[in-house]
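A short write-up of the structure that comes next.
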Amino acid sequence: MKDRHDIYDFAAIESKWQKWWQDHEVYKVDIDPHKPKYYTLDMFPYPSGAGLHVGHPLGFIASDIIARYKTLQGYNVLHPMGFDAFGLPAEQYAIETGQHPAITTKNNIERYKKQLKRMGLSYDWSREIRTCDSSYYHWTQWAFIGLFQHWFDKKLQKARPIEELKELFARHGTHLSYAATHSHDKTPSLSADEWQKLNSEEQDRYLLNYRLAYQEEASVNWCEALGTVLANDEIQDGLSVRGGHPVTQKNMKQWKLRITAYAERLLSGLDSLDWSESMKTVQRNWIGKSHGMDIHFPLSTSSHSIQIYTTRADTIYGVTFLVLAPEHPLVKVVTTHEQKASVEKYLNRTAQKLEAPHGTQNTTGVLSGSFAIHPLTGHKIPIWISDYVLMDYGHGAIMAVPADDERDRKFAQCFNLPIIENHTVGTPLESCSHTQEAIEKIYTILTNTDSTTSKPKRRINYKIKDAIFARQRYWGEPIPIYYKNHIPYPLPLKDLPLLLPDIDSYHPTPQGDPPLARADHWTNKHGHPLETNTMPGFAGSSAYFLRYCDPHNTHALASKEALSYWQNVDLYIGGSEHATGHLIYARFWHMFLHDIDLAPTQEPFQKMINQGMILGTSQYAHRSKGTNTFISYDLTRSHDTQRIPVDIRLFRQGHLDIEAFKAWRSEYATATFQCNNNGHFLCEEVVEKMSKSLFNTMSPDEVIDDYGADTLRLYEMFLGPIEQTKPWSVTKIEGVHRFLKRFWRLFFRQGEWHVSDEELTDKELTLLHKTIYEVRRSTENYQFNTAISAMMSVTNILTRQEIRKYHILKPLTILLAPYAPHIAEELYARLESTKVPSLFKHGKLPDYNEDFLLNNTWNAPVAINGKVKFTLPLQLDENKESIQKQIQQHEKFHHILKGKAITKWIIIPNKMINIVTKK
RNA sequence: GGGGACGUGGUGGAAUUGGUAGACACGCUGGAUUUAGGAUCCAGUGCCUCGCGGCGUGAGAGUUCAAGUCUCUCCGUCCCCACCA
């Protein structure tokens, strides 16, 4: 009995096929003009030192199922994988241990690859990308230079070469309203003559204000402990996301990307995308488009005026004070002599303030001493300075309407400022019933005042800010820029890639310069100093999906030919936490590459799926305080107990293995256990984030060792809907594993291979077509759990009825193949007597016969409570008589009713007809 | 404060998208068979009732021949963003 063939030996099957696939390059793809393409992509992982846990592969498995499914459908499927390899953890590790980040990173990648391969994922590894390879970051640097060499034409909504801007300046002067520049542009406009008189250095300095990659003195989030600036999405509650170090504001010269120029395209592009509404909403909020008005408030004692931005111009009669941000350029002008001391004190305090958690700040502010004139009422209104107004939104100045705005009200109450309720009473706005109407009226009134101040301006404003594109770190892409007289110039393209140099220490220099300043001869060929900043984390992930199309090209990011074949990503799977980081930057980067005729489409990711997080189920044993006696959780009410996290591996069939627990820690060796009435010892179960300290993590390798990769894949998909957050639980893997064993045994009788060639009965055909329909529909809707259920169901039926027919087992095996590829390959090879090399090369997804289904299942009559109910497909756009006639003439009508009388028939418009009879 | 998602058995979750609610799985109960296998097989399992039958998708209303699904109100849960004028 030892060598029964019906034992499902997953370990042997899986290692056999994984080797076979690798040896025969089954998943290698090339351009094939005779086949339609499909591009499915995972967000490539950052290879951390901890390896993968069971929550990571969820998305990988989902995209692998789609990749294999599409392959079987006849598509040429691009399904690549790579590694986002630059980043802080490897560098922090290097600082602590002295080991070069390249080595740490390489080791981590090897481990990740091994884990991924064991899961039977069908990646074309010949296309692997690592962002830290110079052959890859060559093209990241190339794109950066491209951004540097272009400006944005707001009229055409498109990037154009900087040379064209030079020509325009020479012809028309620099006052071009359609050339995108900073929101607080302080550069004076030049006439054409003045421009032409500038020497080339002066022109270059001037052009920096228009390049898509530019430098600017800016207030940045500085993290002293990490020695670098951080992006907003790298900070949470005033602390760095990595490491939890404090973050302060600091002024520094920074590289930035003019992503704000693309705000409108980033916003409108969302409409065409097949993303979840919540994902689109997050991006819309991040871009933060608003329609409003710029209004000037003249100062009472000087010729200056304060420009404010408001979306609610209709509340202008309720304005009782103005507020400037502490960094506002007019703060110096409006501060009176008497207030100077307190204003300076306030400014000092706010400048040093840590980023406090939002919503917890106290209301603070200081009076400037000056007054502005209300443009409509002529009243003198005080000007305040407060940090609740942000310099980088609007103009850094607001008109405060404490009657309508909660923040203004809070401020007014704090400083005892007047609040005008019902401020429209007695004004021209009294008759307006809609906000929009009132705003229009205000616009007209302000436009027609004959005051000397500037007229109001309609304005569309965006919250999105230009992205800071520099980190003062070592382990990132060097920025391919050199300086001549402190003006930045790009390296010639032929000198790329600019290699990351080796250095002896990863700390900043004693002068506070970034680590790259430690490199020997960090200059270009002519001795000009090179940029010492490196690129931020999102640089390498902004075009990797294009590189996969042609990963070994040494002349371009990717060839025209490859890109015009593979186009954009059809399906992108990854976490929703990248909504405001990577997914915005990558879309921006891709739009720029589209503008310069490289990327074939506007948008990079057509369909997006965000896999939900997998949580851990922690187990806590309760110990009576001060004793070594453990109490079953259902009995703890009468005891004062202490919770102790227990390794989930110590559980068998949902119960704590007490002997294993005693052996786990020496202190528990002598512990005693109080069980409940059923003789069980229960632990408290808590669903929470996976964490090593709670002993609730599990690696995919452990599951594969015990149950095999196919079971892991099925189980991860069977847990629930892919986008949902859900707990991992060890006890339920058995179910899907049992299904695979059952499926395997379907092909055997008494330990021997037994598949017959008999034709299928109508009943069996119905079952088959129904299953094909359900599995295909579910898979195409990414409802993988439902698809698996359908396959389980049919397997149960076949097992019970002992149906072992080739004509049903073969299509079912192919249906299972995307989900459990190893077992499917093995059974398929046996079914076809190993005539064919691989299911994934030659298999074809079975089709269902729609007519067959319609006749046999959809319209099948069903008995409900003694009545017969069925539906008929009819032409329902006719009159009543005609429908009645159709029913009477319908072939099925006579067959099903067999003389029973119709008591009721109901027409559902445009759909079908329900007929109900008495029995 | 703003936005989004959701609420179905003891549990995870299905429901041809408006048409037999609870598929499939876990768990549990009983039984069969076998013991070295991560067993297998059969029956049962929403609630009330001995049964007939009745009631059931967070609560209440509405639309409809028909509502878990659509509309409104309320209750509750989760997530994201947030001094954005």
Side-chain angles (χ1 to χ4, degrees), chain A residues 7 232-233 276-286 288-290 292-293 308-313 315 323 325 356-361 363 386-390 392-401 404-408 410-411 461-465 576-577 579-580 612-613 652-654 685 706-707 714-715 718-721 723-729 731-739 741-742 745 770 773-774 777-778 781 783 785-796 799-800 853 857-858 862-865 867 869-871 904-908 911-912 914 916:
Chain A
I7 289 172
N232 283 340
D233 54 283
S276 72
E277 254 337 286
S278 67
M279 200 68 174
K280 288 187 186 181
T281 309
V282 170
Q283 290 218 343
R284 285 192 188 110
N285 291 346
W286 189 260
K289 183 179 184 175
S290 65
M293 210 184 286
I308 61 98
Y309 171 75
T310 180
T311 54
R312 292 296 305 276
T315 64
V323 188
H358 292 298
T360 62
Q361 291 98 328
T363 305
S386 171
D387 65 353
Y388 89 89
V389 173
L390 306 175
D392 47 11
Y393 184 75
H395 305 295
I398 62 155
M399 61 178 210
V401 187
D404 284 10
D405 187 283
E406 205 174 316
R407 294 153 303 177
D408 295 345
K410 201 170 142 200
F411 192 83
N461 211 30
Y462 299 91
K463 277 197 248 178
I464 192 169
K465 289 164 200 155
S576 56
E577 69 273 18
T580 53
M613 210 187 354
R652 291 281 170 270
Q653 261 105 42
E685 276 190 8
D706 288 352
Y707 298 99
L714 281 175
Y715 182 61
F718 195 63
L719 272 174
E723 306 216 56
Q724 193 168 300
T725 301
K726 49 209 172 262
W728 177 269
S729 100
T731 56
K732 291 171 186 172
I733 305 173
E734 300 285 348
V736 282
H737 189 64
R738 201 169 291 159
F739 157 62
K741 284 196 287 189
R742 217 182 257 211
R745 276 201 309 269
K770 217 177 126 190
Y773 173 78
E774 275 179 24
R777 190 179 58 88
S778 304
N781 292 324
Q783 293 172 319
N785 52 337
T786 319
I788 295 168
S789 292
M791 292 186 284
M792 286 180 171
S793 177
V794 72
T795 304
N796 287 347
T799 302
R800 267 178 222 144
L853 272 179
T857 51
W858 286 63
V862 278
I864 318 161
N865 300 334
K867 296 169 191 164
K869 176 184 156 191
F870 65 96
T871 58
K904 200 174 173 187
W905 56 271
I906 304 146
I907 296 167
I908 293 107
K911 275 206 164 167
M912 57 181 177
N914 272 5
V916 183

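Fair warning: this is a prediction, and the values are worked out from it, not measured in the lab. For the numbers below, each heavy atom of this structure counts, side chains included, while hydrogens, waters and symmetry mates do not. In what follows, every chain begins at residue 1, and chains take the letters A, B, ... in the order their sequences are listed.
Taking side-chain N and O atoms only, K741(A) has no distance below 4.0 Å to OP1 or OP2 of A39(B). Within the structure, a side-chain polar atom (N or O) of R745(A) is placed less than 4.0 Å from OP1 or OP2 of C41(B). Regarding contacts with the backbone of C24(B), every side-chain N or O of N796(A) stays at 4.0 angstrom or more from both OP1 and OP2. Between Y388(A) and A85(B) there is no side-chain polar atom (N or O) within less than 4.0 angstrom of OP1 or OP2. The phosphate of C41(B) has OP1 or OP2 within less than 4.0 Å of a side-chain N or O from R742(A). R777(A) has no side-chain polar atom (N or O) that falls below the 4.0 Å cut-off from OP1 or OP2 of U16(B).
When the C1' atom is compared between U17(B) and A39(B), the two are found 41 Å apart, to the nearest whole Å. For the P atoms, the distance linking G19(B) with A67(B) amounts to 11 Å, nearest Å. For the P atoms, the distance from U77(B) to U71(B) is 23 Å, rounded to whole Å. For the P atom pair drawn from G27(B) and U11(B), the interatomic distance equals 15 Å after rounding to whole Å. On the C1' atoms, A82(B) is 10 Å away from G3(B), given to the nearest whole Å. U35(B) sits 40 Å from G22(B) when the P atoms are compared, rounded to a whole Å. Comparing U69(B) with U20(B), their C1' atoms are spaced 16 Å from each other, to the whole Å. Separating the C1' atom of G76(B) from that of G58(B) is a span of 7 Å, rounded to the nearest Å.
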Polar atom pairs (N or O), protein with nucleotides 7-12 of chain B, under 3.5 Å:
{"from": "G12(B)", "atom 1": "O2'", "to": "L719(A)", "atom 2": "O", "distance (Å)": "2.8"}

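Remark: G19(B) base-pairs with C65(B). Criterion, Watson-Crick or G-U wobble with two distances under 3.5 Å. G7(B) is paired with C75(B) under the criterion used here, namely a Watson-Crick or G-U wobble arrangement in which both key atom distances are under 3.5 Å. With both pairing distances under 3.5 Å, A39(B) is matched to nothing as a Watson-Crick or G-U wobble pair. For G44(B), the paired nucleotide is C28(B), the pair qualifying as Watson-Crick or G-U wobble because both relevant distances are below 3.5 Å. Judged by Watson-Crick or G-U wobble contacts below 3.5 Å, the nucleotide G1(B) has C81(B) as its partner.
Side chain of T281(A), nearest nucleotide from U17(B), C24(B), G3(B): G3(B). In this structure, of A15(B), A85(B), C42(B), it is A15(B) that holds the atom nearest to the side chain of Q783(A). If you check U17(B), C81(B), G4(B) against the side chain of W286(A), the one that comes closest is C81(B). Here A85(B) is the nucleotide among A85(B), G3(B), G1(B) with the atom lying nearest to any side-chain atom of L390(A). Of all nucleotides listed (A15(B), A25(B), A85(B)), A25(B) comes nearest to the side chain of M792(A).
When the side-chain hydrogen bond (donor to acceptor under 3.5 Å, both in side chains) test is applied to S278(A), the partners found at least two apart in sequence or on another chain are S276(A). Legend: residues meeting salt bridge (Lys or Arg N to Asp or Glu O under 4.0 Å) with R745(A), ordered by chain and number and at least two apart, are absent. Checked against salt bridge (Lys or Arg N to Asp or Glu O under 4.0 Å), R777(A) has no partners two or more places apart in sequence or in another chain. Partners of E406(A) by salt bridge (Lys or Arg N to Asp or Glu O under 4.0 Å), not counting sequence neighbours: none found. Every residue two or more places apart in sequence or in another chain that forms a salt bridge (Lys or Arg N to Asp or Glu O under 4.0 Å) with K289(A) is listed here: E264(A).
A donor-acceptor contact shorter than 3.5 Å links the side chain of T799(A) to the backbone of T795(A). Looking at Q283(A), its side chain never comes within 3.5 Å of a backbone N or O of T580(A) through a donor-acceptor pair. Counting only distance, with no hydrogens or angles, the side chain of K726(A) and the backbone of P721(A) share a donor-acceptor pair below 3.5 Å. Between the D408(A) side chain and the V401(A) main chain, a donor and an acceptor come within less than 3.5 Å of each other.
Residue N781(A) is the one, among N781(A) and V736(A), whose nearest nucleotide of RNA chain B lies closer to the 5' end (criterion: closest heavy atom). Where M279(A) and I464(A) each meet RNA chain B at their nearest nucleotide, the meeting point lying more 5' is that of M279(A).
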task: Step by step, work out the side chain to side chain donor-acceptor pair (under 3.5 Å) result for Y773(A) and S778(A).
output: CA-CA 8 Å; Y773(A) 173 78; S778(A) 304; over 6 Å; no
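Within 4.0 Å of R738(A), counting heavy atoms only, lie sugar-phosphate atoms of the nucleic acid but no base atom. Residue-level contact check: D408(A) touches neither bases nor backbone, having no heavy atom under 4.0 Å from any strand. At the heavy-atom level, D405(A) lies nowhere under 4.0 Å from the strands shown. Here V389(A) lies in heavy-atom contact (under 4.0 Å) with a base.
Whole-Å rounding puts the E723(A) CD to C79(B) C1' distance at 13 Å. Rounded to whole Å, atom C1' of C6(B) lies 16 Å from atom CD of E277(A). Summarising the geometry, the separation between CG on N285(A) and P on A85(B) is reported as 11 Å, rounded to the nearest angstrom. The distance from atom CH2 of W728(A) to atom P of A25(B) is 19 Å, rounded to the nearest whole Å. In this entry the distance linking CD of E734(A) with P of C26(B) reads 9 Å, nearest Å. Counting to the nearest Å, the C1' atom of A36(B) and the CD1 atom of I7(A) are 11 Å from each other. K770(A) has its NZ atom 13 Å from the C1' atom of A14(B), to the nearest Å. Between the OH atom of Y462(A) and the C1' atom of A85(B) there is a distance of 18 Å, given to the nearest Å.
For G9(B), the O4'-C1' to base torsion is within 90° of 0; the nucleotide is therefore syn. Because its glycosidic torsion is more than 90° from 0, U64(B) is reported here as anti.
For the pair A313(A) and M399(A), the tightest heavy-atom approach, listed with the atom from each and the gap, is CA-CE, 4.4 Å.
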